[in-house]
Amino acid sequence: MVCERKLIMQVKRQTTDEKKSALFSYLLILTAFFILLEISFLIQCSGIYLGDFRLISSHLSIPDRIIPGVLYFVFAQALVHFTFILIVWASALCVGVARNFTSRQTEKFGIILWFIAMTTVFIANRFYFPNSKYSGIFFSPFHQHLTKYALIVCCLILFTIFAVAFYGLVRILLKHKRIGITVCVAASLILIGALIILNRPHPVVADAGTAEKPNIIIIGVDSLRPDFLSFFGDTLSTPHFDYFLNHATVFAESVTPIARTYPSWASILTGEYPKTNTVRTNLSDPAHLDLSMTIPAILRNHGYKTVFATDETRFSNIDQRFGFDEVATPPIGMNDFLLGTLNDFPLSNLILNTPIGKYLFPHSYGSRPVFFTYDPNSFLKLLQPKLAEPRDKPVFLVVHFCLTHYPYAWAELPEDKVTVHHYQAAIERVDDQFHDFMQMLKDNNLLQHSIVVLLSDHGEGVEMSGDRITDPNLFIAAKNNPKKIIPQFYAASAAHESVDRSGGHGTDVLGLSQYHTVLAVRSFGAQPNQKKTVTGLVSLLDIKPTLLQFLHLPLQKVDGYSLLPAIFGHESVIPARQDFFIESDFSPEAIRTVHPEMRKVLFEGLDYFRIDPTTTRVVVKDSMLKMIISSKQYADFYGPWILALYPQNNKTMAPILVNLETGEWTNALSTPFAQHSPALHMLQAMKQYYGNSLTSVTLQ
């Protein structure tokens, strides 16, 4: 009895001391000071960015509609930091009870615990997010193993402290029995409820597709070059892509009419050339488009549920207007650029890829442009609820993975200096992401009856020899060029680029590694496709007529051709296609490289854009679209030939003629090599199609 009375008196005294403790105030002051340091560090690291933003805001009218998103972001950050204070404060008090600390001792311990916890947060941020601005505070990038060991030590210390804190919590609950019983019952109910929710059987989603009307699934992978897949002979390990391709009809010579994401996807969904559908550059204003005859719009009118998902929306504003019932993407708009780039704080980074982070930081969760915190699995989790919804209609699903887009980095891969090895690593990681997605489709019964199209919206120039098809050793010079001086493709400022190399995508129509795409079709539970590789030129424009013909729907006005004879028949060679046109996009010097300086890219195109005051989306100004078009390069495929036109100034364009079979090429259409080719026909075909977009061509 005496011991019990002493314990009660001791707990009462400790409780009284706790009420007088200023620990919470101290922690609040420490955290406020820490936030100021974070902001100061952010300004120091992002001074150029913030200065650029001021310059951008002076050129672009920033609408007030972004303010609610900014305020929500500030609230979310404040909530995260305040929760950190509460955890440290409560843990310190409980340890104080367990160890019979005085009020002053509890305060000192609480401050020490705050520093230990914050150190752990920084080290964890360094370990899980090596591209974070704060990752250089602890250890150098070359000592990741030291970070790991330091994190283990810190976690063991915190685990020990929390174990003692739990003991203190038990003592408090035993002292206040009624409160203790209430807390125990509530905790038990919460635990039981959580176990029930986590272990409840997921409802089986019935497959609404049939063999006659299957689910249609298009899977796009950004910037994926076919020749970097082991299926096509590369040494990279891409087993999941290879497995799919080995069971599919593969079109080995597929090209896109324009090697940029948004216009390429617009051409896929409309089946029309960029000139026809008017989407000729990234961020074209969709308000001018006729989107009534896109694939999703047509299929929705014929009983399909249409869904679009992507982890990159900054330069490709595809949404419900294209005919989709639902979308699963990060929020589109100016706040995606602003908040996604700024959101790099150690505390919020650690919860960003959790279910809580999905709601607190929607502009960063599952968003590939925020590469320093991007987890490829988070995008799949963002998409999963859409796949698990009950359905009574077959599904038309379009998913676009952007991990392989520049800078080819994500949370786990340090960016450092981007090289071709980063691109290869991104391909191997997206191969795993593709596998996980296919498993999700299977688990949600979307592969019982389906047609799956695997494609890349474009390829990528990585400045390897051969990325541009103009081999200097195969150049055929005109008579007035006896020294065989290689012609200049770009303006003088870009003359340093090797004639047989190209970088980026959409920058060079003779950089066919940029325009060569993956394209394969596989049937599940419907009419079986042929497992083979088909040669001959095809394009992404062919997808729409192929799907419409398969579903016995009227072939609307399209620029492509149906590939059904090759997919379900015995055709293995596509007949030579005449006059297939491709074009480049807006290509300032800063982007014509595999190592683009994003600030230069931004400022070279700054005057081309505006912010829609209603949607806060960044779109190309109508007044600048003509300037973009005037800077374009054009090319025409005709059998084994390609003729490219490069603008030299406002009045003239230089031709480059290449024989794709021999590799020979020339810039002079007066040479016998050119005169024995269909060059003049190709030139006339381009003039007839592009009209005033083409200026005078120098024939030499």
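Since we're looking at a predicted model, the values are computed, not measured. Heavy-atom basis, side chains included; hydrogens, waters and symmetry copies ignored.
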Set of residues satisfying salt bridge (Lys or Arg N to Asp or Glu O under 4.0 Å) with respect to D559, sequence neighbours excluded: none
Contacts of D242 that satisfy salt bridge (Lys or Arg N to Asp or Glu O under 4.0 Å) - sequence neighbours left out: none
Is the backbone of [Y] close enough, under 3.5 Å, to the side chain of [X] for a donor and an acceptor to pair up by distance?
X: D431; Y: H240; value: yes
X: S456; Y: G459; value: no
X: S254; Y: F251; value: no
X: K532; Y: A566; value: yes
X: N529; Y: R522; value: no
X: R368; Y: L403; value: no
X: E571; Y: P565; value: no
X: R468; Y: V499; value: yes
X: N317; Y: D319; value: no

Side chain to side chain donor-acceptor pair (under 3.5 Å) partners of residues 675-687, not counting sequence neighbours, each pair once: D579-H681
For F401, the option from W410, F434, F379 that meets ring pair (Phe, Tyr, Trp, His ring centres under 6.0 Å): F379
Where is the tightest heavy-atom contact between [X] and [Y], given as atom of each residue plus distance?
X: D471; Y: N473; value: OD1-N, 2.9 Å
X: T507; Y: Q633; value: O-NE2, 3.0 Å
X: I295; Y: I268; value: CD1-O, 3.4 Å
X: Q514; Y: G506; value: OE1-N, 2.8 Å
X: E583; Y: K632; value: OE2-NZ, 2.9 Å
X: F232; Y: P226; value: CD1-O, 3.1 Å

Side chain proximity check, [X] to [Y], heavy atoms < 4.5 angstrom:
X: V250; Y: F244; result: no
X: T261; Y: T310; result: no
X: W641; Y: L657; result: yes
X: L541; Y: V558; result: no
X: D222; Y: H458; result: yes
X: D336; Y: S367; result: yes
X: L236; Y: L229; result: no
X: Y408; Y: V420; result: no

Which residues share a side-chain contact (heavy atoms from CB on, under 4.5 Å) with N481, sequence neighbours left out: F475, A477, I485
side-chain contact (heavy atoms from CB on, under 4.5 Å) involving Q578 - partner list, sequence neighbours excluded: Y638
Quick one: [atom1] on [X] to [atom2] on [Y], what's the gap to the nearest 0.5 Å?
X: Y690; Y: I629; atom1: OH; atom2: CD1; answer: 10.5 Å
X: E253; Y: L660; atom1: CD; atom2: CG; answer: 9.0 Å
X: S267; Y: R280; atom1: OG; atom2: CZ; answer: 10.5 Å
X: E664; Y: I476; atom1: CD; atom2: CD1; answer: 4.0 Å
X: M682; Y: L669; atom1: CE; atom2: CG; answer: 10.0 Å
X: H422; Y: L413; atom1: NE2; atom2: CG; answer: 5.0 Å

Could you tell me whether the side chains of [X] and [Y] share a donor-acceptor contact shorter than 3.5 Å?
X: T404; Y: S223; value: no
X: T238; Y: S230; value: yes
X: D500; Y: S465; value: yes
X: S264; Y: T256; value: yes

Verdict with reasoning, Y262 to D457, per side-chain hydrogen bond (donor to acceptor under 3.5 Å, both in side chains): CA-CA 9 Å; Y262 184 42; D457 54 342; over 6 Å; no
Test log, rule side chain to side chain contact (heavy atoms under 4.5 Å, CB included), inputs M293 and T270: CA-CA 7 Å; M293 300 308 294; T270 63; over 6 Å; no
Residue pair V462, F228: steps toward the side chain to side chain contact (heavy atoms under 4.5 Å, CB included) verdict: CA-CA 11 Å; V462 292; F228 271 61; 4.2 Å; yes
Verdict with supporting geometry, S513 and H516, side-chain hydrogen bond (donor to acceptor under 3.5 Å, both in side chains): CA-CA 5 Å; S513 60; H516 189 194; over 6 Å; no
Worked verdict on I486 versus N667 for side chain to side chain contact (heavy atoms under 4.5 Å, CB included): CA-CA 9 Å; I486 300 294; N667 67 325; over 6 Å; no
Do [Y] and [X] have ring centroids that are under 6.0 Å from one another?
X: Y243; Y: H247; answer: yes
X: F315; Y: W265; answer: no
X: F231; Y: F241; answer: no

Evaluation steps, side chain to side chain contact (heavy atoms under 4.5 Å, CB included), between Y515 and S584: CA-CA 10 Å; Y515 287 79; S584 67; 3.9 Å; yes
Set of ring pair (Phe, Tyr, Trp, His ring centres under 6.0 Å) partners for Y273, sequence neighbours left out: F580, F581, Y689
Member of L537, T517, L540 meeting the side chain to side chain contact (heavy atoms under 4.5 Å, CB included) criterion with V255: L537
